[in-house]
Amino acid sequence: MTGSTGAVRVGVDLGQGGCRAVACEGTRTGHASTPGFWGADTDVLVADAVTAALADLGPDRDAPVRVGVGMTGLNGQSPPTEPLRHRLRAAGLRGTLRIADDSVTAYLGALGPVRGAVVAAGTGVVVLAVGADGRTARADGWGALLGDRGSGHWIGQAAIHRALRDADRGTPGPLGDAVSAAWGPVATLPARWRESPPTPERVAGFAVMVAELARAGDPAARQIWRTAGRLLAESTVGALRRAGLADAEVPVAGTGGLFRATDLLLPSFARVLRAGAPNARPVPATGDPLAGALALAGPATGPPALTGLTTHVDIEEKAEHR
C-alpha cells in the first residue's frame with residue numbers, strides 16, 4: 001500500500017456460521033475468516049478479520065481504511081461502536097467505519113440500488129424490503145429461539161423433531177438414522193444436549209444431510225424443505241406489503257447458504273410469493289453479503305433508505321453519525 005493515495009476498502013460479513021472479510025486496493029485483494037457470531041465478542045471477531053484481511057493484502061498500512069461491517073444479532077438496532085473502534089485504533093488503523101444489520105449488506109450485495117426485497121437465509125434468516133418512497137421493512141431475523149422460520153437452523157431442528165416423533169411412534173426412518181449418525185443414539189440425546197447444547201450453526205449444519213435425504217427421495221425430508229420455502233416466502237410477502245410493494249413489479253433475491261439448494265427451496269417459495277405478491281419476481285442475487293459489506297464501506301452506501309439504517313463513525317473520532 002506504499003504510495004497509495006486512496007483508502008483501502010475492507011468489507012466484513014459477520015454471520016452466525018462464520019465471519020469473512022475482504023480488503024481491496026485497486027485490483028489487489030486480501031481475504032480472511034474468523035469464527036462466527038457465537039465464537040467470541042463481536043468486536044474481537046470483526047477486528048481480527050479486518051487486520052487479517054489487511055495482512056493478506058500486504059504489510060504496509062499507511063493508507064486510511066474504509067471498513068464496512070454487516071453484522072447479525074443487531075435486529076435492526078444501532079450497535080455500540082467504541083469497543084471495535086478501540087481495537088481498530090490499537091491495530092494502527094485510521095479512517096471510517098460503517099456498521100449495519102446484516103439485512104442491509106445482504107441487500108446491497110444482492111440487489112444494489114434498486115427497490116425490491118432480499119431474503120438472506122443461512123443459519124438464520126432475515127428479509128429486507130426497500131420501496132421507492134424510502135420505506136423499508138424488515139421481517140424475521142428474530143434468532144433461533146424466537147424465529148428464523150425456514151432457516152438452516154429451522155430445517156435442522158424440524159428434522160430432529162421429526163426423527164424423535166418417528167422414534168416415539170415406532171416408525172424410524174432415514175431422518176432418525178441421520179440424527180443418530182450426527183449426534184448419537186436419540187434415546188440419550190436430551191441428556192447430552194443438556195450437558196453440551198449445540199450452537200445454532202451446528203443445528204443448521206444438519207440441513208445439509210436433510211437436503212441429501214430429500215434429493216434421495218425421502219418424503220419427510222422433502223416436506224421439511226418445502227415448508228422452509230413456504231415460510232421464507234411468507235416473511236418476504238409480509239416485508240413487501242409493509243414497504244408498499246405488495247402489487248409492485250420488483251425483484252426478490254435470495255442470498256446465503258440456504259439458496260444453494262434452489263432445487264428444494266424455490267418451487268414452494270415461488271408459489272407462495274406469487275400468491276401473496278403476484279408481480280414480484282424471484283431473481284438471482286448479483287453478489288453475496290460480503291460484496292454488500294464492501295459496498296457499505298463506501299464511498300457510497302446505496303439507496304438513501306439504507307443510509308439511514310447505517311451507523312457511520314470515524315475510527316479516530318468520538319462523534320457518531322446516523
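What you see is a predicted model, and the numbers here were worked out from it, not measured in a lab.
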| request: Take atom CD of Glu249 as the centre, draw a 6.0 Å sphere, and report whether it contains more than 12 heavy atoms from other residues, nucleotides or ligands. | output: no
| said: Tell me whether Asn279 at atom CG has more than 12 heavy atoms from other residues, nucleotides or ligands lying less than 6.0 Å away. | reply: yes
Is [Y] close to [X] at the side-chain level, that is, under 4.5 Å between some pair of heavy atoms?
| X | Y | result |
| --- | --- | --- |
| Val10 | Val22 | no |
| Arg230 | Arg226 | no |
| Thr311 | Arg98 | no |
| Phe269 | Thr262 | no |
| Thr255 | Pro289 | yes |
| Ser235 | Val119 | no |
| Leu84 | Ile99 | yes |
| Leu54 | Val8 | yes |

Nearest heavy atoms of [X] and [Y], plus distance in Å:
| X | Y | result |
| --- | --- | --- |
| Val179 | Ala163 | CG2-CB, 3.7 Å |
| Gly11 | Leu294 | N-CD1, 3.6 Å |
| Gly30 | Asp56 | CA-OD2, 3.3 Å |
| Val252 | Ala280 | CG2-CB, 3.9 Å |
| Ala285 | Gly254 | CB-O, 3.6 Å |
| Leu245 | Arg115 | CD2-NH1, 3.7 Å |

So how far is it from [X] [atom1] to [Y] [atom2], rounded to the nearest 0.5 Å?
| X | Y | atom1 | atom2 | value |
| --- | --- | --- | --- | --- |
| Met209 | Asp177 | CE | CG | 10.5 Å |
| Asp140 | Leu231 | CG | CG | 9.0 Å |
| Asp48 | Thr34 | CG | OG1 | 6.5 Å |
| Leu164 | Arg169 | CG | CZ | 12.5 Å |
| Thr310 | Asp101 | OG1 | CG | 9.5 Å |
| Asp148 | Ile155 | CG | CD1 | 11.5 Å |

Keeping [X] on the side-chain end and [Y] on the backbone end, is there a donor-acceptor pair under 3.5 Å?
| X | Y | answer |
| --- | --- | --- |
| Arg202 | Pro197 | no |
| Thr286 | Gly109 | yes |
| Tyr107 | Gly116 | yes |
| Arg242 | Arg138 | yes |

Consider only side-chain heavy atoms of I, L, V, M, F, W and Y, link residues closer than 4.5 Å, and tell whether [X] and [Y] are in one cluster.
| X | Y | result |
| --- | --- | --- |
| Trp225 | Phe259 | yes |
| Val250 | Val104 | no |
| Leu57 | Val67 | yes |
| Leu273 | Trp154 | yes |
| Val186 | Val210 | yes |

Can a salt bridge be assigned to the pair [X] and [Y] using a cut-off of 4.0 Å between side-chain N and carboxylate O?
| X | Y | answer |
| --- | --- | --- |
| Glu212 | Arg215 | no |
| Arg20 | Asp288 | yes |
| Arg87 | Glu82 | no |
| Glu25 | Arg9 | no |
| Arg162 | Asp166 | yes |

| said: Under the rule for ring pair (Phe, Tyr, Trp, His ring centres under 6.0 Å), what residues qualify as partners of Trp193, not counting sequence neighbours? | reply: Trp183
| Between Thr29 and His31, a side-chain donor and acceptor under 3.5 Å |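 There is such a pair between these side chains.
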| task | Applying side-chain contact (heavy atoms from CB on, under 4.5 Å), run through Val12 and Thr105 and close with a yes or a no. | result | CA-CA 9 Å; Val12 181; Thr105 46; over 6 Å; no
| message | Go through it in stages, so that I can follow the logic: the residues are Ile315 and Val65, the test is side-chain contact (heavy atoms from CB on, under 4.5 Å), and I'd like the CA-CA distance, side-chain angles, deciding distance and then a yes or no. | response | CA-CA 9 Å; Ile315 293 173; Val65 295; 3.8 Å; yes
| Derivation of the side-chain contact (heavy atoms from CB on, under 4.5 Å) call for Val69 and Leu97 | CA-CA 8 Å; Val69 181; Leu97 170 65; 4.0 Å; yes
| field | Derivation of the side-chain contact (heavy atoms from CB on, under 4.5 Å) call for Leu93 and Val50 | value | CA-CA 10 Å; Leu93 301 179; Val50 169; 3.9 Å; yes
